[in-house]
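Both backbone and side-chain heavy atoms feed into the values below; hydrogens, waters and symmetry mates do not. Note that the coordinates shown come from a computational prediction; the quantities given were computed from them, not determined experimentally.
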2 protein chains.
Amino acid sequence: MIKHTWNTIRDELVEDIRSGRLSAGDKLPTEPQLAERFSIGRHSVRKALEALAREGRLSIEQGRGTFVEALPRLTYTIGKRTRLRRNLIPQGVTVEGKLVEANRIVAPDFVAKALLLNPSAKVTESQRITLANDLPVAFGASYHCAERFPEFVERRDVLGSTTETYRTYGIQDYFRLKTTVHSRPSRPEESKTLKQHPDVPVLVVNAIDALPDGTPLSCSRVIWSAARVTFTMEQTDE
Amino acid sequence: MIKHTWNTIRDELVEDIRSGRLSAGDKLPTEPQLAERFSIGRHSVRKALEALAREGRLSIEQGRGTFVEALPRLTYTIGKRTRLRRNLIPQGVTVEGKLVEANRIVAPDFVAKALLLNPSAKVTESQRITLANDLPVAFGASYHCAERFPEFVERRDVLGSTTETYRTYGIQDYFRLKTTVHSRPSRPEESKTLKQHPDVPVLVVNAIDALPDGTPLSCSRVIWSAARVTFTMEQTDE
DNA sequence: GTTCATTTGTGCGTATGTATA
DNA sequence: TTATACATACGCACAAATGAA
C-alpha cells in the first residue's frame with residue numbers, strides 16, 4: 001500500500017535512540033554510509049533525518065555531521081502570575097536568561113497598540129534569550145514605555161528581577177493580562193538563534209502585563225522552539 | 001552567497017496571493033508548468049510549494065492539483081470557563097462540532113491519571129471533530145467516568161451542550177482546571193483528518209475540567225491544526 | 001465499471017556549492 | 001589548504017490518487 005522507503009531508516013534510528021544504542025551527543029554515520037547500509041538513495045536518507053530533526057531528536061550540522069539531541073521538553077506555565085524562575089527551576093534544569101541588547105526606540109505598531117501609547121511614543125526594548133541546559137529554548141523582546149519607566153533596562157539588569165524593578169517605580173503588584181500563542185514555520189535567523197533545524201517550527205507568544213486595575217505595563221513577543229517546550233495553564237487562584 | 005533557487009518561485013507566489021492575482025480556491029499551474037516558467041527543476045518547485053503548504057497558504061492534493069487556501073486563523077480562548085460556542089462564533093465564522101464516535105472503554109493511562117480513577121475503570125470516550133467554515137480545525141476525544149456519568153454521550157448528544165448535560169447530573173458549575181499545549185509533527189492519519197499537508201504540524205491540547213472544589217470531571221485530548229488556530233489566554237475574572 | 005489522461009508523491013543517480021575542522 | 005560532510009539543484013522514472021470519458 002505505502003512505499004515510504006525512508007521510513008525504514010527512520011524507524012531504525014528511533015529504535016536505536018529508544019533502546020539506548022544511540023544516546024544524546026552521539027554522531028550518526030554519514031549520509032552516504034546510511035544510504036549504503038540501508039540500500040537506499042541518499043535523498044531518502046535525508047528525508048528520514050529531516051523528519052527526525054523536525055521533532056527535535058536530531059541536530060543536523062553542515063560540515064560536521066548529524067547528532068542525537070537530548071530532547072528534554074521544558075514545561076512553561078502561563079498564568080495570572082507568570083514568573084520565569086518559579087516556572088522552570090522545579091524541573092531540575094539549569095535555566096539562564098540573558099540580556100542580549102537594549103534599545104530606546106519608537107514604539108513598533110503592535111507595542112503601541114498593546115500599551116495604549118500614541119504611535120510616536122518612545123519605548124525601551126529589551127532583547128533576551130533563554131537557555132535551558134545551555135540550549136536556547138526561546139528569545140524575544142519586552143517593551144516598556146520610556147517615559148513612564150526611565151532606565152528600566154538598567155535597573156532590571158542590576159536587580160535581576162522584573163518584580164523587584166517594578167517596585168522601584170512604586171508598583172507592588174502586576175499580573176499577566178493577556179497571552180496569545182500560535183505556531184508558524186521558523187525563519188532562517190530564528191532557527192539559527194535557537195540552534196535548531198530550519199524545519200522545526202516556532203511558537204510565537206505575545207503577552208501583556210498589567211496593573212491589577214488593567215492598566216498595561218509592558219508587552220512582549222517571544223519566539224519558542226516548538227520542539228523544546230510544553231505550555232501549561234493552571235487555574236489555581238494562588 | 002546562497003542559492004536557494006526555490007525562493008524565487010516562493011516569493012512570486014506569496015506576492016501573487018498578497019496582491020490578489022491569486023485568491024482562495026484558485027488552482028495553481030502544475031508543477032512541471034511552474035518549473036518551466038521559472039526555468040528551475042521540479043524538485044525546487046516542490047520545495048517552494050511545500051513551504052507554503054506548511055504555512056497553510058496552499059493545499060496540495062495528489063491527483064487534483066495545488067490550490068490557494070483561505071487561511072483564516074481562528075482564535076480560541078483558553079480560560080477558567082472555556083466554552084466552545086462562546087469562543088468561536090464572535091468572529092463570524094460558522095462553527096460546527098460533530099460527534100464522530102462514542103465508546104465505552106477501559107480508561108487509557110493518561111485518562112485514569114487525570115481523572116484519578118483506578119486503571120481498570122471504565123470511561124466513555126466521545127470523539128468529536130470541529131469544523132470552521134467546513135474546514136476541519138481540530139479533532140479529539142473527551143473522557144468521562146462511566147460509573148459517575150452513565151449515558152453521558154447520549155445525553156450530551158440530545159442536549160447539545162456540555163454545560164446542560166452536567167446539570168442533569170446535578171452539577172451546576174465546573175471550570176477548566178488544567179490545560180497543556182505542545183507542538184509536534186502531524187501523523188499521517190491526523191493530517192488526513194484535518195485535510196492538511198503532512199508537513200503542517202499539530203498542536204496537542206490536553207485538558208482537565210473539574211468541579212469548583214477541584215474534583216476532576218472529565219479530560220480531553222484535542223489535536224489542532226497548527227496553521228489554523230491562535231490560542232489566547234485572558235485573565236479576566238468574568 | 002473500466003479505462004485513461006492528468007497531477008502530485010516517491011525514489012534513484014549525479015553534480016556542485018558551502019560550512020567545518 | 002585540504003578533506004569531510006551536509007545543502008542545493010537538475011533530470012529521469014515510476015507509483016498513486018483523482019476525475020472524466
Rounded to the nearest Å, what distance is computed from the [atom1] atom of residue [X] to the [atom2] atom of nucleotide [N]?
X      : N      : atom1 : atom2 : answer
B/F67  : C/dT6  : CZ    : P     : 16 Å
B/H197 : C/dT7  : NE2   : P     : 18 Å
B/R42  : D/dC10 : CZ    : P     : 13 Å
B/I9   : D/dT8  : CD1   : C1'   : 16 Å
B/Q62  : C/dA5  : CD    : P     : 18 Å
B/E31  : D/dC10 : CD    : P     : 14 Å
B/K47  : C/dG9  : NZ    : P     : 16 Å
A/R10  : C/dT10 : CZ    : P     : 14 Å

Hey, does the side chain of [X] come within less than 4.0 Å of [N]'s phosphate (OP1/OP2), counting only N and O?
X     : N      : value
B/R64 : D/dA17 : no
A/S44 : C/dT10 : no
A/T66 : D/dA5  : no

Work out which heavy atom in [X] is nearest to a heavy atom in [Y]; give both atom names and the distance.
X      : Y      : result
B/L194 : B/A138 : CD2-N, 3.8 Å
A/S126 : A/L99  : CB-CD1, 4.0 Å
B/H144 : B/S142 : CE1-OG, 4.2 Å

- Query: So does A/E36 have more than 12 non-hydrogen atoms from other groups sitting under 6.0 Å from CD?
  - Reply: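 Open.
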
- Item | A/K192 atom NZ: more than 12 heavy-atom contacts under 6.0 Å |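 No, the 6.0 Å shell around NZ holds no more than 12 heavy atoms from other groups.
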
- Have a look at A/G41 and say if it touches a base, only the backbone sugar-phosphate, or nothing, with a 4.0 Å heavy-atom cut-off.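 Result for A/G41 = sugar-phosphate.
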
- Message: So A/L49, base contact, sugar-phosphate only, or nothing? Heavy-atom distance under 4.0 Å.
- Response: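 It contacts nothing in the nucleic acid.
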
- Measure from the side-chain heavy atoms of A/R46 and tell me the nearest of C/dT20, C/dG9, D/dA7.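 Closest nucleotide among those given: D/dA7.
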
- Item | Closest-nucleotide 5' rank along DNA chain C - winner of B/L28 and B/H43 |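 Counting from the 5' end, the first nearest nucleotide belongs to B/L28.
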
